Amino acid sequence: MLRRLLSAWLFVFVASGATAQDRPQVVAVNYPLQYFAERLLGDDADVVFPVPADVDPSFWRPTVADITTIQSADLILLNGAGFATWVDRVSLPRAKTVNTTAAIEDQFIFTESITHSHGEGEEHSHEGLASYLWLDPTLAAAQAQAVADAITARGLSPADDVAARMAELQADLEALDTQASSALADLQDVTIITTHPRYQYLARRYGLTVNSLEWEAGAAPTDDELDALTSLITETGARVLIWEATPPEAAFAQTAALGVENVVFVSLAHQSDDSKFIDAFSDGLAALTTLTSQ
């Protein structure tokens, strides 16, 4: 009897281990796509976002080991719009690769090309195309639908389950859009400066006037950067400064002294602490709402 019980337990253990190892693998080039895939797949696949937390995923350079992991995935989710420059230098299996903005290219925002560097990294250029489409929840929903379609087409999760999860995600994104419309309505006549050019789609969706700097995310501004901010405030009459990541406390004091209100609205290419996409976006809206209630 004991032998039979042990044999049965061993069978279950081995079978469950094999199942875990055989689960489909999905790779995403940024956190929003990781979040959408995780919501849509449930426990049916493992979703990997391979970029280290301290690296800008737009300009990350994968190692040989990273490339091997990516190429062996069952599904590779790209953002399109010029995001993740490494994808143009790596051979990716076409049958496994999905550009999640292919159906909404007519919604792209073209910008001035800017060349600069992050920290000690090499200089690079923003290719004149805004790529943070997920900061417009309606475009985020289009990306999520592209992910859902790709999952279903490849049989990574039962179609009915994916459809049900997509309906829930769509409802959450629609609620976020409604919250944003209300929260930002009173800021349409307020000129805003952002520490990095990430917020073009947010601005267009909600009628905001936004000017951008080229500051390092989460870093204290240099004297030259403070001078640039001073000039931009004088030129535009801006009253709000949006940071894409929380800087040292002293940085808030420096910029507040120049006459602007500081707000952190994370741009979400990476996950913000432990907050999920919807919650982190909502927190950013809540921070902006406090300005309109003052």
Side-chain angles (χ1 to χ4, degrees), residues 28-37 49 51 53 55-60 77-88 98-114 116 118 124-147 169 173 176-177 179-180 183-184 187 192-218 240-246 263-272 275-285 287-288:
V29 299
N30 56 37
Y31 168 62
L33 295 181
Q34 177 192 17
Y35 173 79
F36 300 153
F49 171 38
V51 183
V55 177
D56 185 340
S58 299
F59 305 106
W60 175 60
L77 299 173
L78 305 182
N79 185 78
F83 187 95
T85 55
W86 63 265
V87 303
D88 295 325
V98 172
N99 178 353
T100 61
T101 58
I104 51 174
E105 290 183 352
D106 61 335
Q107 298 295 312
F108 286 176
I109 295 175
F110 292 87
T111 64
E112 295 182 8
S113 184
I114 300 171
H116 67 117
H118 291 280
H124 55 260
S125 176
H126 292 275
E127 297 297 334
L129 193 60
S131 57
Y132 282 48
L133 288 90
W134 59 84
L135 292 179
D136 174 345
T138 65
L139 299 182
Q143 288 187 274
Q145 185 61 62
V147 175
L169 179 54
L173 291 168
L176 194 63
D177 181 46
Q179 179 189 357
L184 303 179
L187 288 175
I192 297 169
I193 296 173
T194 65
T195 59
H196 213 78
R198 308 293 201 199
Y199 302 87
Q200 296 94 334
Y201 293 100
L202 180 81
R204 182 179 68 184
R205 175 65 179 166
Y206 304 108
L208 306 178
T209 300
V210 172
N211 297 271
S212 299
L213 298 163
E214 286 285 349
W215 291 7
E216 192 72 17
V240 176
L241 178 63
I242 293 180
W243 300 75
E244 69 166 326
T246 304
V263 175
V264 177
F265 193 126
V266 293
S267 55
L268 289 170
H270 276 291
Q271 185 173 1
S272 174
S275 298
K276 299 294 187 180
F277 178 89
I278 298 291
D279 293 335
F281 198 124
S282 182
D283 288 345
L285 293 174
L288 285 168

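Starting from 1, each residue takes its place in the sequence as its number. Since we're looking at a predicted model, the values are computed, not measured.
- Using a 4.5 Å cut-off on side-chain heavy atoms (C-beta onward), Trp215 and Thr194 make no contact.
- In this structure, Thr100 contributes its side chain and Leu78 its backbone to a donor-acceptor pair below 3.5 Å.
- No hydrogens or angles considered: a donor-acceptor pair under 3.5 Å links the side chains of Tyr206 and Asp177.
- Remark: the backbone N or O of Glu214 is not paired with any side-chain donor or acceptor of His196 at under 3.5 angstrom.
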Report task. Walk me through it: do Val98 and Val147 pass the test side-chain contact (heavy atoms from CB on, under 4.5 Å)? Result -> CA-CA 8 Å; Val98 172; Val147 175; over 6 Å; no
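- Using a 30° and 60° split on the angle between ring planes, His270 and Phe49 fall in the tilted class, from 30° to 60°.
- Listed for the Tyr201 side chain is a donor-acceptor partner under 3.5 Å among the backbone atoms of Ile109.
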Query - Verdict with reasoning, Leu184 to Leu285, per side-chain contact (heavy atoms from CB on, under 4.5 Å) - result: CA-CA 8 Å; Leu184 303 179; Leu285 293 174; 4.0 Å; yes
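- Proximity of the aromatic rings of Phe83 and Trp134 is defined here by a centroid distance below 6.0 angstrom, and this criterion is met.
- Of the charged side-chain nitrogens involved, at least one lies within less than 4.0 Å of a carboxylate oxygen, so that Asp56 and Arg198 count as a salt-bridged pair.
- In this structure, a donor-acceptor pair under 3.5 Å is absent between the side chains of Asp136 and Gln107.
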Query raised in the report: So Ile242 and Thr195, side-chain contact (heavy atoms from CB on, under 4.5 Å) or not? Walk me through it.
Result: CA-CA 6 Å; Ile242 293 180; Thr195 59; over 6 Å; no
